[in-house]
Amino acid sequence: MKNEASLREQNLFCTMRNHNITLHRMNISQCDVPEVSVSHSSLEVHEGDNAVVTCNGSGSPLPDVDWTVSHLHSISTHQTNVNWTNVHSINLTLVNVSGEDNGSNVTCIAENVVGMTKTTVSLNIYYPPRILSLREPVVHLEHCIEFTVRGNPYPVLTWYHNDQPLRPVDFIRQEVYKQDTSMEGCLLFNKPTHYYNGNYTLIARNKFGIANQTVYAHFLEQPYPGELTYFPLADLGISPTPPISVTHKPEEDTFGVSIAVGLAAFACVLLVVLFIVINKYGRRSKFGMKGPVAVISGEEDSASPLHHINHGITTPNSLDAGPDTVVIGMTRIPVIENPQYFRQGHNCHKPDTYVQYIKKRDIILKRELGEGAFGKVFLAECYNLSPTKDKMLVAVKALKDPTMAARKDFQREAELLTNLQHDHIVKFYGVCGDGDPLIMVFEYMKHGDLNKFLRAHGPDAMILVDGQPRQTKGDLGLSQMLHIAIQIASGMVYLASQHFVHRDLATRNCLVGANLLVKIGDFGMSRDVYSTDYYRVGGHTMLPIRWMPPESIMYRKFTTESDVWSFGVILWEIFTYGKQPWFQLSNTEVIECITQGRVLERPRVVPKEIYDIMLGCWQREPQLRLNIKEIYKILQALGKASPIYLDILG
Ligand code: ADP
């Protein structure tokens, strides 16, 4: 008897006429629990094929044997019984196996009067991918296109957006949860813009086949309906602004060739005339934008590679025949007005400006402070500058080997700088114009530019002590950061009141003096030291795209509102201890991000109130942005509030 040992262990007995007989000594025939075995513990089969699995049941009495298959979806089963003397076999034939039953078990049960024994066979059914669902985006915490996919082996998933492969970027990611035999997941979007509207196609692929399905996703309305489509990104490095556009209207192409040639020649002459006019009057000062000129969008100031282009505004409408377009025969040339002069109705240049001249012999150079686009910057001692002091420290910017054009710019710049006087604009003392080099004299700000200063006072800053790198003590605190921001905002309120558009506001262009005094200090472009902060377009022009709003990138439109955008980026720089905005992205990726409407993430240490200001600066519509006076007031109020009231954790 098979159970003798266990009966002995259990110490069971039977009482017969006051006589106990232990159960294991009793001889009971025909009393075995059935045993069961199967031909496969796991059945591997391709969808559509047939498969046979055998179950053997043995025991005394001989058990009945049966397969339970009722839960299987689409499998037609077929059972055949074979009875041997002490084994009962039953074959289960699965016909036209369906992938639906992948992962299921079939159970074989052997049962007699003594008991029941069972065993299972798992089904591993290979089948091509099937997309069970693909839904329009829903918003949980983020926007998500939900999907459910099946297939064995698990399919590999790829996505297409409007038939283009969806590139992996850090604001789109896929999350997949594998549950038994299906994959459920989400294509997640972090703050998607209208750029991401369109068809999303999911392709699921394994070695047995491929499936695809498409869903339309609408995230946001296009902010400027009917605007020019964005410049193709691949072209951005070559021609970001429509160049002087000589456009043919197709319906007019039926004109005779000779007329076309004649008109084209006339257009060329006109272009040359315009070009001369622009070169004569259209040069923009290094110091912001000014000048009573109309300029052609995209035309470059070739005489002065150090300076910005005078691009001005180009709007979609300006490409239609209208007041901003010169139409010559079949040729349309968009003429773009200088926004500073025409829009704001003011010109910083005052003809009666008196620029102070300093004698060369009164300047004694001490050491080099840095190098900018203009030339070298030196620390110097200057005599006879202050009525109260015999000599004082100054910073001098030297322009070496100036051309005639550069001399004119220099003079204009000096007049402009003389007129801009404010506590938070670096003080300009005058020029030293006798001979070469041309020199501009500024107040000396002993801690140099704000970007370096922030980096030197951040958590990653190191100093060398006895040749060994050591962590610096004393990161800037919240109130010091606010103090810096307030001072720059104050300088900007002044610039705006003067209708002055800076176009290159960034921490690298601010200077730090004693007692954390901060001033807007540079109105040129410090491209040598900070060359990676600028993006070269069309060969010469360097643009600080990481600080520029979409309209400046797309249309070269620079206004007081675009300066406000840059101020938002300055705030971000301050609160990241001088990190480069979008440091993880290449220039073309940055252009893509900004034009799509993405904004910089909230830095870890930024209080919510301050990130809200940044967001207010980064409104896509310029007129919806905070105005610099409001920003200044909010910052002042925050500066007065004790830092503990600022919502650091948001
Ligand atoms: P540019 O106007 O020619 O581009 P910058 O103003 O950027 O030149 O000057 C280059 C560097 O010289 C700055 O990064 C800064 O370190 C130093 N510098 C410029 N002006 C001053 C100043 N007034 N006081 C102290 N350092 C200065």
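Note that ligands are numbered from 1 as they come in the structure, with each ligand's atoms numbered from 1 the same way.
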Close approach, Arg508 and ligand 1, non-hydrogen under 4.0 angstrom: no
Asn384 side-chain N/O to Lys391 backbone N/O, donor-acceptor pair under 3.5 Å: no
Ligand 1 N/O within reach of Met445 N/O, cut-off under 3.5 Å: yes
N/O separation below 3.5 Å, Glu443 to ligand 1: yes
Stacked cation flag Arg602 on Trp572, 6.0 angstrom / 45 deg: no
Geometric cation-pi criterion Lys366 and Phe378, 6.0 Å radius, 45° cone: no
Parallel, tilted or perpendicular: ring planes of Trp618 versus Tyr611, cut at 30 and 60 degrees: perpendicular
Part of Lys397 within contact of ligand 1 (heavy atoms, under 4.0 Å): side chain
Atoms of ligand 1 close to Tyr444 [distance to a heavy atom under 4.0 angstrom, numbered from 1]: 24 (N), 25 (C)
Enumerated ligand 1 atoms positioned under 4.0 Å from heavy atoms of Asp449: 14 (O), 16 (O)
Proximal atoms of ligand 1 relative to Leu369 (non-hydrogen, under 4.0 Å): 25 (C), 26 (N)
Ring geometry between Phe500 and His502 (parallel below 30°, tilted from 30 to 60°, perpendicular above 60°): perpendicular
Proximity of Leu511 to ligand 1 by residue part, where a heavy atom lies under 4.0 Å: side chain
Glu589 and Trp582 side chains, donor-acceptor separation under 3.5 Å: no
